[in-house]
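By convention here, the first residue in the shown sequence is residue 1.
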Amino acid sequence: VTPELMIKACTFHTKNLVKTHFCTWRDIAIPHVNEDEILAEKMEKAITHYNYKLQKSSFHYWHSLAENQRRKLKEVLWRIQQMLYCHKLKVVLTNWRDKARSKTKMREDELILKHERQLKRWKSKLKFRVTTEETSSPELSSSEISFVGDLPECDISLLPEKAISQIFLYLSLRDIVICGQVCHAWMLMIQTRSLWNTIDFSMVKNIIADKDIVTTLHRWRLNVLRLNFRGCILRPRTLRSIGHCRNLQELNVSDCSTLTDELMRYISEGCPGVLYLNLSNTTITNRTMRLLPRHFYNLQNLSLAYCRKFTDKGLQYLSLGNGCHKLICLDLSGCTQISVQGFKNIANSCSGIMHLTINDMPTLTDNCVKALVEKCPSITSVTFIGSPHISDCAFKALTACNLRKIRFEGNKRITDACFKFIDKNYPNINHIYMSDCKGITDSSLKSLATLKQLTVLNLANCGRIGDMGIKHFLDGPVSQRLRELNLSNCVHLGDDSVLRLSERCPNLNYLSLRNCEHLTDQGIENIVNILSLVSVDLSGTIISNEAFCKSSRTLEHLDVSYCPQLSDDTIRALAIYCVNLTSLSVAGCPKITDAAMEMLSAKCHYLHILDVSGCVLLTDQILADLRMGCRQLRSLKMLYCRLISREAAKKMAAAVQRQEHSCNDPPRWFGYDYEGKPLAKHHGATPHKEDLEPIVRDLTYGSEEEAV
């Protein structure tokens, strides 16, 4: 044993002895306490603690009850306040609605009263005019009588030069030359330089015979910027005159049957600054294609539509010389001779193309599109109408381009898959035309719902689209910017779609629901909530209510043709509320009478186009009303109107630019006879193909021609 261990053992033993002796001393020195007292003291403490715990628990329980009661009372007070607020709001809205209805009713009454006054004055004026015509001298023609006393004499030479130019712009070139021969003042007026920036020869059939026009062209050759020779018979002398127009920028020689490669040489050598060149439907060959890159090195817009005599080799010439590298717009419609190699030649020569049009091209395939877009990444718009072999693969190839506008029509190979490409690859697209594409369903519209820049959508004749697709489409952000929507012949659409349009499309200007037979008056009434509408096509529906007219006061174009339930009340509402109408079609509406046309003539003075074909109750009286009230009328169609005489139609032809009239019975597919009575069911069957094309045999008058 080491000394250290001994020390520790001794120390431990000493501590135990001290502890034992200390405890013994304490027991002897301190007197013994009564155990009962200790137990009582402990019980008292325990009771006190228990009572404290009980009080604390009771207080917490009371506190929670009080908090609940206070919360419930607060909720009840909040509900009472909400009910009071809602009641006040209902009272305010009710009062506002009553006042609004009262003001609207007052405004409508004022409009109706104003309309009745105007109609009364109109009838008095019409009666006075008829009396004047009966008592006037036979030397005055009807056109002269209509203007006697109406307008004071006016010398247009006193007008500003800008106004005079605007007036003469409405005349043809021949008329302008004739006006210059009236007097010296008129000769000075037609010498305004801005008037000769654009010259249109398209109405002149034989330019070589019009020496005055050729002389005028030679005189103003330095001012001419745009020339239109569409359908003209071109001669070398005329082409030499064009060659002197050094500042010429736009030239249209389409449909010129006499245009040859030799004549094109005259043009190319004298007009190097041409930016726009239209050679469509001419007989040019590869020789002309060789001239284009050598002389028209600034060319930006080129149309070779229906030119079938050049070949793929001619397209290869576009890269010669300076080349057509600035070409932006190209039209190759109907050029069926172009193969895949030809499109490769175009891509190699004109890689900057942005706008591409290839219509009526049954030979166009996906490989042609692929060959073109491989080296033309700048394409922003494509138009493929009448190209049945284009499929979804073409859309996949076009993903390399930043498309803004696409137009397809009459294609059965395009499916919903192409719209998935549009959704993912063309976020900036704003125009989509997919007319008569039978493979498109509601799924396609769901894919388009996220396109924030889309403003125009045309899905006419896509018969598989229904209300669910329109709902998915309009639930997205696309609805806020949409301006034009064409859903013609989408026969599965109903009132729900129109309701959704009225709720989600605040900027819609143009809407077509032609032949949507499931639409009812209840659904069409929702159109009044689209205050921005300018043009509406409801033809072929069962509309009979005029309520949609009352809020469409900005309406300019309306088509309600082939709506057999339409009556004079609708025309009366149009006359009162839609005074800005410029185009109206009520063809195939047998209930329309002279009274409706009288009201229309009295109020709608801006009407330019009117179609009343098949309105079998109309008589000669409407022509007198239209001549007096609608003096801006340009086009009038009156097919199958038996009660309108040929003499009255011939008299009306002098007041309009284009007129069609016939006294035939309405065709069977109109669904009613010459008296407006519905045909039997076996007559209303599906018409034959020859019945679907109304033929005018009796009379067709224009402003510049008479019936033979």
Side-chain angles (χ1 to χ4, degrees), residues 142-143 146-147 169-172 175 200 202-203 230-231 488 510 512 514 534-540 555-563 566 570-571 574-575 578-589 592 594 596-616 618-664 666-667 670 693-708:
S142 59
S143 60
S146 61
F147 290 101
L169 283 176
Y170 287 98
L171 300 179
S172 65
D175 293 335
D200 188 354
S202 59
M203 300 300 294
R230 181 179 180 182
S488 300
Y510 302 91
S512 177
R514 176 189 292 264
V534 175
S535 175
V536 180
D537 187 349
L538 299 173
S539 58
L555 201 63
E556 296 181 5
H557 310 279
L558 179 63
D559 190 340
V560 286
S561 55
Y562 308 106
C563 298
L566 209 67
T570 302
I571 305 301
L574 282 173
C578 303
V579 295
N580 295 321
L581 271 180
T582 60
S583 174
L584 175 64
S585 176
V586 290
C589 300
I592 303 297
D594 289 349
M597 290 294 106
E598 183 182 36
M599 290 184 286
L600 190 72
S601 302
K603 295 296 292 291
C604 299
H605 302 304
Y606 304 107
L607 202 61
H608 291 171
I609 302 172
L610 179 63
D611 188 354
V612 293
S613 300
C615 297
V616 293
L618 299 182
T619 66
D620 294 347
Q621 179 61 38
I622 72 160
L623 301 183
D625 296 337
L626 291 173
R627 281 200 306 273
M628 183 174 179
C630 302
R631 295 190 177 181
Q632 298 187 25
L633 194 63
R634 299 291 181 266
S635 175
L636 178 61
K637 199 171 183 179
M638 304 177 293
L639 304 179
Y640 317 118
C641 296
R642 292 172 56 91
L643 301 182
I644 297 179
S645 64
R646 298 182 182 181
E647 292 75 14
K650 184 177 180 180
K651 186 177 180 181
M652 184 65 188
V656 295
Q657 294 180 357
R658 182 176 182 274
Q659 177 176 299
E660 295 182 35
H661 171 250
S662 73
C663 296
N664 295 341
F670 271 46
E693 300 179 357
I695 302 176
V696 183
R697 293 189 178 90
D698 286 0
L699 185 60
T700 302
Y701 289 138
S703 60
E704 298 179 355
E705 61 181 3
E706 297 181 353
V708 179

Residue list, side chain to side chain contact (heavy atoms under 4.5 Å, CB included) with [X], at least two apart or on another chain:
X      : result
Cys630 : Ser601, Leu607, Leu626, Leu633
Ile609 : Ser583, Ser635
Asn580 : Tyr606

Close side-chain approach of [X] to [Y], heavy-atom, < 4.5 Å:
X      : Y      : value
Val616 : Pro666 : yes
Met652 : His661 : no
Leu639 : Asn664 : no

Minimum heavy-atom separation for [X] and [Y], please, with both atom names.
X      : Y      : result
Ala596 : Ile571 : O-CG2, 3.4 Å
Cys641 : Gly614 : SG-N, 4.2 Å
Cys604 : Ala575 : SG-CA, 4.2 Å
Cys615 : Val586 : SG-O, 3.3 Å

Please report the interatomic distance [atom1]([X]) to [atom2]([Y]), rounded to the nearest 0.5 Å.
X      : Y      : atom1 : atom2 : result
Asp594 : Thr619 : CG    : OG1   : 3.0 Å
Glu660 : Ser613 : CD    : OG    : 7.0 Å
Asp625 : Leu600 : CG    : CG    : 10.0 Å
Leu610 : Arg634 : CG    : CZ    : 13.5 Å
Ile592 : Met597 : CD1   : CE    : 6.0 Å
Ile622 : Met638 : CD1   : CE    : 6.5 Å

Can you name the residues that form a side-chain hydrogen bond (donor to acceptor under 3.5 Å, both in side chains) with Ser535, not counting sequence neighbours?
->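 If we apply the side-chain hydrogen bond (donor to acceptor under 3.5 Å, both in side chains) test to Ser535, skipping adjacent residues, there are no hits.
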Listed by chain and number, what are the side-chain hydrogen bond (donor to acceptor under 3.5 Å, both in side chains) partners of His608, not counting sequence neighbours?
->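 His608 satisfies side-chain hydrogen bond (donor to acceptor under 3.5 Å, both in side chains) with Gln632 once adjacent residues are dropped.
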Tyr562: ring-ring contact (aromatic ring centres under 6.0 Å, His included) partners, not counting sequence neighbours =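 Partners of Tyr562 under the ring-ring contact (aromatic ring centres under 6.0 Å, His included) test: Trp669, Phe670.
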How would you list, by chain and number, every residue that makes a salt bridge (Lys or Arg N to Asp or Glu O under 4.0 Å) with Asp559, sequence neighbours excluded?
->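 Salt bridge (Lys or Arg N to Asp or Glu O under 4.0 Å) check on Asp559 returns Arg514.
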Under 3.5 Å: donor-acceptor pair, side chain of Asp620, backbone of Ser645 |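 At least one qualifying donor-acceptor pair exists.
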